[in-house]
Undergrad: 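For reference, the structure I am asking about is given below.
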There are 2 protein chains.
Amino acid sequence: MSTEAGFLLPLRLFVGFRQLIDAVHAELAREGHPDLRPLHGFVFQAIGRDGTTAVELGRRLGVSKQAAGKTIDGLERLGYLERASDPADARRKLVRLTDRGHAVLTRSAQIFDELRAEWATRIGPERLRALEADLVTVTGAEAFRLDVPGWFG
Amino acid sequence: MSTEAGFLLPLRLFVGFRQLIDAVHAELAREGHPDLRPLHGFVFQAIGRDGTTAVELGRRLGVSKQAAGKTIDGLERLGYLERASDPADARRKLVRLTDRGHAVLTRSAQIFDELRAEWATRIGPERLRALEADLVTVTGAEAFRLDVPGWFG
DNA sequence: CTAGGATGGTCAACGTGGTTGTCCAAAACG
DNA sequence: CGTTTTGGACAACCACGTTGACCATCCTAG
């Protein structure tokens with residue numbers, strides 16, 4: 001039986017998570033995206049390359065459609081999203097990433113890859129793979145939940 | 001070189017973190033503490049067994065003293081904190097955990113221990129120790145930063 | 001074909017939790 | 001003893017979540 005206090009485990013996971021996210025956003029800020037917040041990554045992920053609607057986005061993020069609408073407003077003002085009418089359904093407004101949005105998504109993925117490579121050099125690729133595999137084992141391989149926005153609070 | 005996409009790493013860390021936090025709060029809610037939010041754990045941790053002041057709490061949480069004051073108001077209303085005048089300094093108001101506050105902190109630690117034991121049975125105690133050690137190696141053994149409140153947003 | 005329900009989006013009002021600015025009482029210090 | 005520093009509170013404001021209401025549009029049952 002290990003003697004490590006149990007409450008340290010979530011803290012260590014969170015520190016790792018936070019360092020990765022902070023590193024990505026520091027680099028993105030350096031490259032011309034100073035207004036992106038950690039939360040926006042989840043939003044981009046929830047919108048996806050194909051776009052979606054405000055209602056569907058709200059469902060994926062676990063918030064009301066109104067809250068999703070406000071989030072879209074903000075990212076639209078920053079130039080990362082655009083709204084387009086759906087020719088097949090006059091009620092719907094398709095929310096899509098702009099070129100700038102696609103660019104930042106692609107760039108984020110690259111930076112995450114680089115950061116993961118750094119981790120691999122520090123603890124070794126084997127240990128990193130083991131770490132990831134163990135996390136999957138213990139948390140279950142469920143699809144990632146994006147409903148983070150109101151989760152803290 | 002591993003082929004795992006880099007952006008999955010922070011997600012896996014976050015899922016682990018979130019599952020632990022959610023499990024603790026689900027159990028606490030079951031035991032009569034339905035109003036506690038994930039964030040409150042950081043607040044309790046920042047206050048500590050000995051108590052602090054609003055200004056110092058704000059420093060530890062990385063927020064203004066006014067924001068710290070509001071947070072204290074809320075947890076005071078819920079019966080977890082109490083304010084007491086400092087006999088040695090009439091300006092200061094000592095913020096301390098109530099008996100209820102101490103109880104929930106102790107209980108949380110127990111639950112975290114139980115959850116860690118569960119993880120140990122699923123991936124084995126050595127792998128769990130390795131996971132924790134690797135996280136420390138890669139993130140640095142820095143003291144835990146509690147300045148989480150405004151971090152997302 | 002039309003009446004009625006379901007769906008997508010927006011507006012308004014509100015609560016919470018953060019911010020800054022101001023002010024006051026008490027302590028610390030020259 | 002006057003001045004500066006400190007701890008706390010109050011106010012106004014902003015970001016972001018909530019509900020409730022409303023409207024246009026689509027879908028479907030009769």
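So that the names make sense, note that chain A is the first sequence line, chain B the second, and so on, each numbered from 1. Worth saying up front: this structure is predicted, and the values here are computed from it rather than measured. Below, each value reflects all heavy atoms present in this structure, side chains not excepted, and no hydrogens, waters or symmetry copies.
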Undergrad: Is the closest side-chain heavy-atom distance between B:Asp147 and B:Leu61 below 4.5 Å?
TA: no

Undergrad: Check side-chain hydrogen bond (donor to acceptor under 3.5 Å, both in side chains) between A:Asp89 and all other residues, then give those that pass, not counting sequence neighbours.
TA: A:Arg91

Undergrad: Sort me out a list of protein N/O and nucleotides 21-25 of chain D N/O pairs below 3.5 Å, or just none if empty.
TA:
{"from": "D:dT25", "atom 1": "O2", "to": "A:Arg91", "atom 2": "NH1", "distance (Å)": "3.3"}

Undergrad: Any salt bridge between A:Glu4 and B:Arg129, counting N to O under 4.0 Å?
TA: no

Undergrad: When you compare the side chain of B:Glu132 with that of A:Leu9, does any pair of heavy atoms fall below 4.5 Å?
TA: yes

Undergrad: Less than 4.5 Å apart, any side-chain heavy atom of A:Leu97 and any of A:Val104?
TA: no

Undergrad: Heavy-atom distance under 4.5 Å between the side chains of A:Leu57 and A:Ile47, does that happen here?
TA: yes

Undergrad: Could you list by number each residue of residues 32-46 of chain B showing a heavy-atom separation from DNA chain D of less than 4.0 Å, or answer none if no residue does?
TA: none

Undergrad: Do A:Val55 and A:Leu81 sit in the same hydrophobic cluster, where Ile, Leu, Val, Met, Phe, Trp and Tyr count as joined when their side-chain heavy atoms come under 4.5 Å apart?
TA: no

Undergrad: I need the CZ-C1' distance between B:Phe152 and D:dG17, as an integer number of Å.
TA: 15 Å

Undergrad: Can A:Asp22 and B:Trp151 be said to form a side-chain hydrogen bond (donor to acceptor under 3.5 Å, both in side chains), step by step?
TA: CA-CA 10 Å; A:Asp22 281 345; B:Trp151 180 67; 2.9 Å; yes

Undergrad: Can you tell whether the side chains of B:Arg83 and B:Glu76 come within less than 4.0 Å, N to carboxylate O?
TA: yes

Undergrad: Check whether any side-chain heavy atom of A:Arg96 lies under 4.5 Å from a side-chain heavy atom of A:Thr52, and answer yes or no.
TA: no

Undergrad: Hey, any chance A:Val136 and B:Phe7 share a hydrophobic cluster, counting ILVMFWY side chains that come within less than 4.5 Å of each other, even indirectly?
TA: no

Undergrad: Side-chain contact test, heavy atoms from C-beta onward, threshold under 4.5 Å: evaluate it for B:Tyr80 versus B:His40 and give yes or no.
TA: no

Undergrad: Using five pairs at either end of the helix from C:dC1-D:dG30 to C:dG30-D:dC1, determine the angle between the two local helix axes and round it to 10 degrees.
TA: 10°

Undergrad: In terms of ring plane angle, is the pair A:Phe14 and B:Phe17 parallel, tilted or perpendicular, where the classes change at 30° and 60°?
TA: tilted

Undergrad: How long is the line joining CG of A:Asp147 and P of D:dT18, in whole Å?
TA: 11 Å

Undergrad: Side chains of B:His33 and B:Arg100: closer than 4.5 Å at any heavy-atom pair?
TA: yes

Undergrad: On DNA chain D, compare the nucleotides closest to B:Arg59 and A:Gly62; which residue's is nearer the 5' end?
TA: B:Arg59

Undergrad: A:Ser64 side chain N/O closer than 4.0 Å to the phosphate oxygens (OP1, OP2) of D:dT18?
TA: yes

Undergrad: Does any residue of residues 70-87 of chain B have a heavy atom under 4.0 Å from DNA chain C, and if so, which ones, in number order?
TA: B:Lys70, B:Thr71

Undergrad: Can you list, in residue-number order, the parts of residues 50-58 of chain A that come under 4.0 Å of DNA chain C, counting heavy atoms only?
TA: A:Thr53, A:Ala54, A:Val55

Undergrad: Do A:Pro149 and A:Phe42 have side chains that get closer than 4.5 Å, going by heavy atoms?
TA: no

